[in-house]
Amino acid sequence: MRSESNIELRSSRYRILTRIANGGMGSVYMAAQHGAAGFRRVVAIKRAFPHLLEDPSFRRLVVTEVRLASLVRHPNVVAVSDVEESDGELSLVMEYVEGGSFADLLRSGAPLSIQLALRVVLDATEGLQAIHVCTDEDGRPLSLVHRDISPQNILVGVDGVARIADFGIAQARESGSTVSGLLRGKPAYMAPEYVETSIATPACDVYALAIVAWEALTGRRLFRAATDVETLDRARAAVVPAPSLFNPAVTPELDAVMLRALARDPAARYPSAIAFGQALAASVPPLTLTTRAELGAHVRAVAGPVLDQRRASLTEIHTLPAPPEELRPSCAELPPVVEHVRPPVATSSGRSWAIAVVLGLLLALGGAGLARRSAPAAKELAAPLAVATSAPPIASASVAAAPSSAASAPPPIVRPVATSRPAPRASSRPAPRATATAAPSSSLLASPPRRAPDNPYAR
């Protein structure tokens, strides 16, 4: 049986390294993304079970998750970067959070102070607010509802930042209301009005986050019962005791905030996630709030062994195959500058050819008489022209720069590098007749560099 570290998505840029979590609809893996120029990055890949994708309605849910999650961009929301489909399987590529879920921290048995719990919840309120105010590409509000806020879907990293994850059952304005009688999400975190009407609103998400905060403060489950039917009955009744009854460290101010956030009547609650977060922050002295560095240290202490196992699998990133040749970036290379050029020498044949050129120009301008009268002057004008044109042409191919030598030493032999078109061979014969617009062979205009490609980011 193949190990998970050897699993590779066919025709993919990603290789799965190890499993992170299992769920009822699929699994989440840590994977390595590789690309051109040695690019490497660790990502998380969520893959739905193949038999579920055979259901068209479930496939639509996955596609909706991809589209909605890609629209939310916030530090407290897990970013979605890519999606791949191979052999009928959909893989959602997400930001990898090195850490664990809030549920892992609550189940670990390690003492979780009020300050640590509030630090996580405050980050979650920021992310939840970003979800609720998210807009589409045209700036129109989506009225997005997550519908599955729970400790399992709040990831806490070793960087001390909490992020909301999993848009698997999120609902936007355009998708319409949930079918009557169909509840989606975890019963223990459902608002009473959602249990009764099956209509999800942003207020239901804030209520679910308040349940998460209550359980983190007390170390107990609020509505969870032996069966889902019992749990839904408790959620519908919404009888909420004060957290201080189970944790004496909870202050009266914090009690008041929690009881308002968990009021049965939605109109009596906080109007938004950000308002709930502001009330939580105001209920405790600012200097007592845990910093992200302290929260990150707690996550590392609790999830250290698991994170070490995952980190060990990262060594396989260095064994990933190199990207195909066609994926590697390429650019035209300019030939190096020739530092030692053969000095021009005036010859009799070169001087005669230059005189003829000057006299020809004078004939064209003023007639034969002017040419005869100007012959002596033409010789003087032709002298520098003969010096400039009598040297053999320089090969345009790339050549190695020759070391400096005495003036009396013979010039170095220039050997062009083999190219698709052979370079012209140096000759002792005079250069061919030049036209009025021809540039000297030593000029860059004789062999202009290839134009760089257009900047793709400027479009």
Side-chain angles (χ1 to χ4, degrees), residues 99-128 148-156 160 162 164 185-192 194-195 203-228 230-266 268-270 273 275-285 288-290 294-295 298-299 301-303:
S101 69
F102 196 23
D104 294 334
L105 298 183
L106 295 174
R107 284 195 300 258
S108 67
L112 191 67
S113 66
I114 292 177
Q115 289 74 19
L116 284 173
L118 290 184
R119 180 74 270 166
V120 174
V121 176
L122 288 176
D123 276 358
T125 60
E126 297 278 352
L128 190 56
D148 199 12
I149 297 296
S150 63
Q152 292 82 356
N153 290 332
I154 300 176
L155 305 184
V156 188
I164 294 179
K186 299 178 179 65
Y189 299 93
M190 291 182 178
Y194 181 57
V195 176
C204 298
D205 282 346
V206 180
Y207 188 89
L209 184 56
I211 296 177
V212 173
W214 190 96
E215 293 180 347
L217 292 173
T218 62
R220 302 170 61 93
R221 301 300 299 271
L222 181 56
F223 297 139
R224 178 70 176 175
T227 65
D228 286 346
E230 268 188 275
T231 301
L232 289 174
D233 286 341
R234 292 185 179 183
R236 184 185 294 108
V239 177
V240 180
S244 59
L245 295 177
F246 308 97
N247 184 356
V250 175
T251 63
E253 293 80 7
L254 187 54
D255 262 345
V257 172
M258 294 305 306
L259 292 178
R260 178 181 174 183
L262 292 170
R264 195 182 189 286
D265 182 7
R269 303 174 199 155
Y270 294 100
F276 175 43
Q278 291 171 348
L280 281 176
S283 66
V284 295
T288 63
L289 279 176
T290 298
E294 293 170 330
L295 177 58
H298 180 79
V299 173
V302 172

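For the numbers below, each heavy atom of this structure counts, side chains included, while hydrogens, waters and symmetry mates do not.
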Non-hydrogen side-chain atoms of [X] and [Y] separated by less than 4.5 Å:
X      : Y      : value
Ile114 : Leu254 : yes
Asp255 : Pro243 : yes
Leu112 : Val120 : no
Arg269 : Val206 : no
Arg264 : Val239 : no
Tyr189 : Ile149 : no
Leu118 : Gln115 : no

Rounded distance (nearest 0.5 Å) linking atom [atom1] of [X] with atom [atom2] of [Y]:
X      : Y      : atom1 : atom2 : result
Ser150 : Leu209 : OG    : CG    : 10.5 Å
Ile164 : Leu128 : CD1   : CG    : 4.5 Å
Thr231 : Lys186 : OG1   : NZ    : 13.0 Å
Asn153 : Asp148 : CG    : CG    : 4.5 Å
Met190 : Ile211 : CE    : CD1   : 10.0 Å

Exercise. Can you list the residues that meet the salt bridge (Lys or Arg N to Asp or Glu O under 4.0 Å) rule with Arg221, with sequence neighbours excluded?
Worked result: Glu215
Problem set entry | Counterpart residues, salt bridge (Lys or Arg N to Asp or Glu O under 4.0 Å), relative to Arg220 (two or more places apart) | none
Could you tell me which non-hydrogen atom of [X] sits nearest to which non-hydrogen atom of [Y], and how far apart they are?
X      : Y      : result
Val302 : Ser108 : CG1-CB, 3.4 Å
Phe276 : Ala261 : CE1-CB, 3.6 Å
Val299 : Gly99  : CG1-CA, 4.0 Å
Ala268 : Ala263 : CB-CB, 4.0 Å
Cys204 : Tyr194 : SG-CB, 3.9 Å
Ile154 : Ala124 : CD1-CB, 4.1 Å

For this session: Take the angle between the ring planes of Phe246 and Trp214 and call it parallel below 30°, perpendicular above 60°, tilted in between.
Result: perpendicular
Exercise. Any donor and acceptor pair, going by atom type alone, linking the side chain of Asn247 with main-chain N or O of Leu217 inside 3.5 Å?
Worked result: yes
Problem set entry | Pair listing, salt bridge (charged side-chain N to carboxylate O under 4.0 Å, His left out) test, anchored in residues 103-126, at least two apart | Asp104-Arg107, Arg119-Asp123, Asp123-Arg292
